[in-house]
Amino acid sequence: MRVRCPGCGRLYSSLIPPTCSCGEPLRITYDYDSIDPSAWRDRKPGVWRYRELLPEVHEVVSLSEGGTPLLRAKLGGELGLKIFIKDETRNPTGSFRDRLITVAVSYGLPHADNGFVIASNGNAAASLAAYASRAGRPAYVVVPKLIEQGKLNQIAALGAKVIRYGESVDEGISYAEGLAEGKGLYNVTPESNLVGLEGQKTLAFELWEELGPTHVIVPTGSGSNLYSIYKGFVELREIGAIEELPRLIAVQAEKCSPIASEILGVEPRAEPTKALGLYVKNPVMKELALKAIDESGGTAVLVGEDELDLGQRLLAKEGIFAEYASAVIVPALLKLAEEDYFERDDRIALVVTSSGLKGHYSESRERFSVGGTKLEILRLLSEKSMYGYEIWEALEKPLKYQAVYQHLRELESMGLIEETHRRGRRVYYGLTERGRRFLETLG
């Protein structure tokens, strides 16, 4: 592995920042002339199968990530196209981020005596929680206020220290960098850690070995996965395994479209979307993602909120339960097929990045998890906004005052209540629209 600044020529060997001190973006390279991909055939599937194109590490921290299934999609028969689904939900923690974290944690272990830190909207945080636990090191995860409860449950169960900060992951990146410096932690945030991105590129190597795709459709939030896949295919070209890059297609939600809007020449939006995994307002890796799309001859697609359920249902018919942030790939495929974007002999890979068990959860699940005291609190707040002590008095049951605030925090994290206003030190809560709908379903 070599890291030399293309601008000033400075060499990096240990702690590698994403950008040189001169301001030039860095890139990890290898001795491509010495690499023989035929050596991979006799190794077991997984990220570390491709060790010649990964950073050297003293100890591999692995949960057998990578080597995920590639399924031929039934939908392809209906569209008259060759469509394949790369199912990253089958990684150890249920998402593609395990590829990044195994490499980042393995490489960072000598620098992480005090532990690891990451800023993430959920999947990478859950992955770090698992791999840091495996490595016997503390994990600090900075996650936004808008995060699915399933991901929070997974992070907490794996023992990470959770810090809620900001509305979207963008705001947490600099916070995590400050924590890394202040507490002496090794930062594995994808946008701050070039080494980890090397793990994500192995998805491209697997696609090449299994399919040799002409097109790869990728859900895109920060752009790190899209760029990683691009780098993987570029390196396959460097070692002579392929001659042309497959076309990379970025899919974003219409409500949050900083990358796709630039490709399509439309006004960008940066609003919360049901596909929370794609809610990245100011992606740090935007320019690299745009480069990947441009140099591969690809394009971008925008998907509306009303199309997310369709994507989830059609993937379910393939036997895959994907979160909304992954389900965007199916309506994107349908739009491109309708525009005759593909040729009949094209080999199209859809990348499903994360499990639906981690993401979207329906109000029917809340119906069984919200009862007793929480339900009484919801009914009180349906009448008017109230503060904690006032709620405690109104409950008329033996309950510690502090316990009310625990219930309030949990209801807020579920999106059923929200802070409405403050008077001095008193914080008043009221139902969200979702909370009102939930109560209505109970009759």
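The closest side-chain donor-acceptor pair between Y324 and E148, if any, does not fall under 3.5 angstrom. Counted by atom type alone, T273 and E305 present one or more donor-acceptor pairs between their side chains at under 3.5 Å. Between the side chains of T353 and S326, a donor-acceptor pair is found at a separation under 3.5 Å. In summary, the side chains of Y30 and E198 do present a donor paired with an acceptor at a separation below 3.5 Å, with no hydrogens or angles considered.
Of the possible donor and acceptor atoms, one in the side chain of S106 sits under 3.5 Å from a partner among the backbone N and O of V61. A donor-acceptor pair is defined here as one N or O able to donate and one able to accept, closer than 3.5 Å; such a pair exists between the side chain of T432 and the backbone of G435. Side-chain atoms of S355 do not come within 3.5 Å of backbone N or O of G94 as any donor-acceptor pair. For R347 (side chain) and G212 (main-chain N/O), a donor-acceptor pair under 3.5 Å exists by modelled atom type. Within the 3.5 Å criterion, the main-chain N or O of V47 finds no donor-acceptor partner in the side chain of T202. For the pair D346 (side chain) and I348 (backbone), a donor-acceptor distance under 3.5 Å is absent. With T102 contributing its side chain and R99 its backbone, the two residues share no donor-acceptor pair below 3.5 Å. In this structure, the side chain of D87 engages the main chain of T89 through a donor-acceptor pair within 3.5 Å. Not one N or O on the side chain of T189 forms a donor-acceptor pair closer than 3.5 Å with the backbone of N187.
Salt-bridge annotation for R43 and E52: present, with a side-chain N of the basic residue lying under 4.0 Å from a carboxylate O of the acidic one.
Screening residues 92-121 for ring-ring contact (aromatic ring centres under 6.0 Å, His included), with sequence neighbours left out, gives H111-Y186. A side chain to side chain donor-acceptor pair (under 3.5 Å) check over residues 239-263, counting only residues at least two apart or in different chains, returns the pairs E262-K286. Pairs of residues two or more places apart, or lying in two chains, that qualify as salt bridge (Lys or Arg N to Asp or Glu O under 4.0 Å) and include a residue from residues 154-183 are E167-K281, E171-K281. Here side chain to side chain donor-acceptor pair (under 3.5 Å) pairs that include residues 129-144, with residues two or more places apart or in two chains, are E65-Y131.
To the nearest 0.5 angstrom, S222 atom OG is 12.5 Å from N282 atom CG. For the atom pair L207 CG and T68 OG1, the distance stands at 8.0 Å (nearest 0.5 Å). A distance of 5.0 Å separates CG of N123 from CD of E323, quoted to the nearest 0.5 Å. To the nearest 0.5 Å, the span separating CG on L248 from NE2 on H215 amounts to 10.0 Å. I217 contributes atom CD1, which lies 5.0 Å from atom CG of L350 (distance to the nearest 0.5 angstrom). Atom CD in Q154 sits 6.0 Å away from atom CG in L158 (nearest 0.5 Å).
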Hey, mind stepping through L53 and K201 against side-chain contact (heavy atoms from CB on, under 4.5 Å) and telling me if it holds? CA-CA 10 Å; L53 288 173; K201 74 184 181 187; 4.1 Å; yes

Check the pair I259 / V280 against side-chain contact (heavy atoms from CB on, under 4.5 Å), numbers first and verdict last. CA-CA 10 Å; I259 295 171; V280 184; over 6 Å; no

Kindly indicate, with the supporting measurements, whether the criterion salt bridge (charged side-chain N to carboxylate O under 4.0 Å, His left out) is fulfilled by K231 and E235. CA-CA 6 Å; K231 187 174 189 288; E235 291 184 341; 2.6 Å; yes

Verdict with supporting geometry, S228 and L203, side-chain contact (heavy atoms from CB on, under 4.5 Å): CA-CA 9 Å; S228 300; L203 194 151; over 6 Å; no

Would L63 and D98 count as a side-chain contact (heavy atoms from CB on, under 4.5 Å) here? Give the steps. CA-CA 9 Å; L63 294 169; D98 291 343; over 6 Å; no

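Contact annotation: the side chain of L75 approaches that of L333 to within less than 4.5 Å [non-hydrogen atoms, C-beta and beyond]. At a threshold of 4.5 Å between non-hydrogen side-chain atoms, the residues I239 and P37 count as touching. Under the 4.5 Å side-chain criterion, counting only non-hydrogen atoms from C-beta, L100 is in contact with L197. Contact annotation: the side chain of M285 never approaches that of P25 to less than 4.5 Å [non-hydrogen atoms, C-beta and beyond]. Between Q200 and I229, every side-chain heavy-atom pair lies at or beyond the 4.5 Å cut-off. By the 4.5 Å heavy-atom criterion applied to side chains, M1 and I16 are counted as neighbours. Looking at E206 and L70, their side chains never come closer than 4.5 Å, going by heavy atoms from C-beta outward. In this structure, the side chains of L278 and P219 come closer than 4.5 Å at one or more pairs of heavy atoms.
The shortest heavy-atom contact between G122 and I147 is CA-CD1, 4.0 Å. Here the shortest heavy-atom pairing between P190 and A119 reads CD-O, 4.2 Å. Nearest heavy-atom pair across R97 and S224 is NH1-OG, 3.0 Å. The two residues I249 and Y341 come nearest to each other via the heavy atoms CD1-CE2, 3.8 Å. In terms of heavy-atom proximity, I417 sits nearest to L408 at CD1-O, 3.5 Å. Here the closest heavy-atom approach between residue Y429 and residue L381 is recorded as O-CD2, 3.3 Å.
With sequence neighbours excluded, no residue forms a side chain to side chain donor-acceptor pair (under 3.5 Å) with N121. With sequence neighbours left out, Y428 forms a ring-ring contact (aromatic ring centres under 6.0 Å, His included) with Y387, H421. E210 pairs by the salt bridge (charged side-chain N to carboxylate O under 4.0 Å, His left out) definition with K86, not counting sequence neighbours. Shown here are the ring-ring contact (aromatic ring centres under 6.0 Å, His included) partners of Y165, two or more places apart in sequence or in another chain: Y175. Looking at residues two or more places apart in sequence or on another chain, you find no ring-ring contact (aromatic ring centres under 6.0 Å, His included) involving W48. Considering only residues two or more places apart in sequence or on other chains, E410 meets the salt bridge (charged side-chain N to carboxylate O under 4.0 Å, His left out) condition with K374. Shown here are the ring-ring contact (aromatic ring centres under 6.0 Å, His included) partners of Y230, two or more places apart in sequence or in another chain: Y227.
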Donor-acceptor pairs under 3.5 angstrom involving side-chain atoms of residues 3-10: please list them, not counting sequence neighbours.
| residue | atom | partner | partner atom | Å |
| --- | --- | --- | --- | --- |
| R4 | NH1 | G9 | O | 3.1 |
| R10 | NH1 | S21 | OG | 3.0 |

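Remark: aromatic rings of W208 and F233 are distant, center separation not under 6.0 Å.
Around CZ of R27, the count of heavy atoms belonging to other residues, nucleotides or ligands within 6.0 Å exceeds 12.
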